[in-house]
**Student:** 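To start, I am sharing the structure in question, which I have written as structure tokens.
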Amino acid sequence: MKNKIIILYESLLLKYNPQGWWPLLDLHDSKIGSNPTKTGSIRGYHPKDYSYPKTEKQKFEICIGAILTQNTSWPNVEKALMNLKKKDLIDAKKLSKISQTKLSLLIKPSGYFNQKSKKLIIFSKFYQSLNGKTPSREELLSVWGIGLETADSILLYAYKVPTFVVDAYTRRTLSSMNLMKDYMTYDEIKLLFEKNIKKDYRIYQEYHALIVENEKRIKPRIKK
DNA sequence: TTCCAGGCAATAC
DNA sequence: GTATTGCATGGA
């Protein structure tokens, strides 16, 4: 008999179909990039295509998107990313040297702009120091502004490392289904998924996206 | 108007 | 070690 973690995945996938995370501003194939079944922004998704990011620029875009979306809705992040793209600033070398004041203004729509501009500049320097190599989770966590969820999001969606992303939605889902205890830590919940699912980055990417989609559709929000 | 969103670091206890 | 607080915009 299949365990509940796998059954939940299969039922969410059946209900919502592949989500096409992580959204990117520009996809090479213009036919895809929209998903009318999705809540919120429908831009930049690529259902059933797990080959993204295809370019170095897209990889970096995912990294800074992961930072910009900290406690922030995606449409707001998209506005900030568009501002950066217009000036061709989705580029580690350029962002590592930009003035923080200037960057704050550009990313203003994403909120917390003074903190996030600092985070982006620090991260850009770190990113350059990698010289294209995949960072370890510990390395990412040592960077100011990168916490557990952001580190795992970057690894999973930018670097295709099969590490499970836990967020508020994940907790809400598991908790409502009595699959976890409220006192469980981030890493305990992460392991709950990782020990029950084979380490395939495509499944981890899809599962996390499905959890987010499912919770977004639950109308009466349970208070924190 | 109030509430909240794909968290994090700093501070308080 | 765990709990609380500041950060900020835009949409519902």
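Protein chains get the first letters and strands the later ones, always in sequence-line order, with residue 1 at the start of each. Just so it is clear, the structure is predicted and the values come from calculations on it, not from any experiment.
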**Student:** Which is true for A:Leu148 with a 4.0 Å heavy-atom rule: it touches a base, it touches only sugar-phosphate, or it touches nothing?
**Tutor:** sugar-phosphate
**Student:** Would you mind reading off the distance between A:Asn71 atom CG and C:dT5 atom P, rounded to a whole angstrom?
**Tutor:** 16 Å
**Student:** Is any side-chain nitrogen or oxygen of A:Arg171 closer than 4.0 Å to OP1 or OP2 of B:dG7?
**Tutor:** no
**Student:** Tell me every residue that passes side chain to side chain contact (heavy atoms under 4.5 Å, CB included) with A:Glu188, counting only those two or more places apart in sequence or in another chain.
**Tutor:** A:Met184, A:Thr185
**Student:** Please list all pairs meeting side-chain hydrogen bond (donor to acceptor under 3.5 Å, both in side chains) that have one or both residues in residues 59-69 of chain A, counting only residues at least two apart or in different chains.
**Tutor:** none
**Student:** Distance between the C1' atoms of C:dT9 and B:dA10, in whole angstroms?
**Tutor:**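 Roughly 22 Å separates the two C1' atoms.
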**Student:** Taking CG from A:Asp167 and C1' from B:dC8, how many angstroms apart are they, rounded to a whole number?
**Tutor:**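 The distance from CG of A:Asp167 to C1' of B:dC8 comes to 14 Å, rounded to the nearest Å.
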**Student:** When the P atoms of B:dC8 and C:dG10 are considered, how many whole Å apart are they?
**Tutor:** 22 Å
**Student:** Between P on C:dG6 and CD on A:Gln70, what's the gap in Å once rounded to a whole number?
**Tutor:**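 It is 19 Å, rounded to the nearest whole Å.
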**Student:** How close or far is atom C1' of C:dA12 from atom CD1 of A:Ile218, stated in whole angstroms?
**Tutor:**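 Checked: the CD1 to C1' distance equals 17 Å.
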**Student:** Could A:Lys190 and A:Glu149 be called an ion pair, given the rule that one side-chain N must be under 4.0 Å from one carboxylate O?
**Tutor:** no
**Student:** Return the value, rounded to whole Å, for the distance between atom CG of A:Asn83 and atom P of C:dG10.
**Tutor:** 10 Å
**Student:** Mind checking what makes side chain to side chain contact (heavy atoms under 4.5 Å, CB included) contact with A:Ser51, not counting sequence neighbours?
**Tutor:** A:Asp49, A:Lys54
**Student:** Output the rounded distance in Å from CZ (A:Arg217) to C1' (C:dA12).
**Tutor:** 17 Å
**Student:** Enumerate the residues from residues 106-127 of chain A whose closest heavy atom to DNA chain C is under 4.0 Å, giving them by residue number; use none for an empty result.
**Tutor:** A:Lys108, A:Pro109, A:Gly111, A:Tyr112, A:Phe113, A:Asn114, A:Gln115
**Student:** What side-chain donor-acceptor pairs closer than 3.5 Å can you find for residues 87-95 of chain A, not counting sequence neighbours?
**Tutor:**
| from | atom 1 | to | atom 2 | distance (Å) |
| --- | --- | --- | --- | --- |
| A:Asp88 | OD2 | A:Lys94 | NZ | 3.0 |
| A:Asp91 | OD1 | A:Lys93 | N | 2.9 |
| A:Asp91 | OD1 | A:Lys94 | N | 3.0 |
| A:Lys94 | NZ | A:Asp88 | O | 3.2 |

**Student:** What is the distance from CG of A:Leu105 to C1' of C:dT9, rounded to the nearest Å?
**Tutor:** 13 Å
**Student:** Quick check: on DNA chain B, is the nucleotide nearest A:Pro23 upstream (toward 5') of the one nearest A:Trp144, or the reverse? Name the residue that is more 5'.
**Tutor:**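 Its nearest nucleotide being more 5', the pick is A:Pro23.
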**Student:** Indicate yes or no: does A:Asp26 engage A:Lys85 in a salt bridge with an N to O separation below 4.0 Å.
**Tutor:**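 Result for this pair is yes, salt bridge flagged.
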**Student:** Return the set of residues passing side chain to side chain contact (heavy atoms under 4.5 Å, CB included) with A:Asn83 (not counting sequence neighbours), or none when no residue passes.
**Tutor:** A:Lys86, A:Leu106, A:Pro109
**Student:** Under 4.0 Å, heavy atom to any atom of DNA chain C: which of residues 182-205 of chain A qualify?
**Tutor:** none
**Student:** Are any of A:Thr150's side-chain N or O atoms less than 4.0 Å away from OP1 or OP2 of B:dC8?
**Tutor:** yes
**Student:** Taking only residues two or more places apart in sequence or in another chain, which ones pass side chain to side chain donor-acceptor pair (under 3.5 Å) with A:Ser73?
**Tutor:** none
**Student:** When the side chains of residues 118-125 of chain A are checked against the rest of the protein, which donor-acceptor pairs come out under 3.5 Å, sequence neighbours left out?
**Tutor:**
| from | atom 1 | to | atom 2 | distance (Å) |
| --- | --- | --- | --- | --- |
| A:Lys119 | NZ | A:Gln70 | OE1 | 2.7 |
| A:Ser124 | OG | A:Leu120 | O | 2.7 |

**Student:** C:dG10 P sits how many Å from A:Leu68 CG, rounded?
**Tutor:**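 Interatomic distance, CG of A:Leu68 to P of C:dG10: 14 Å.
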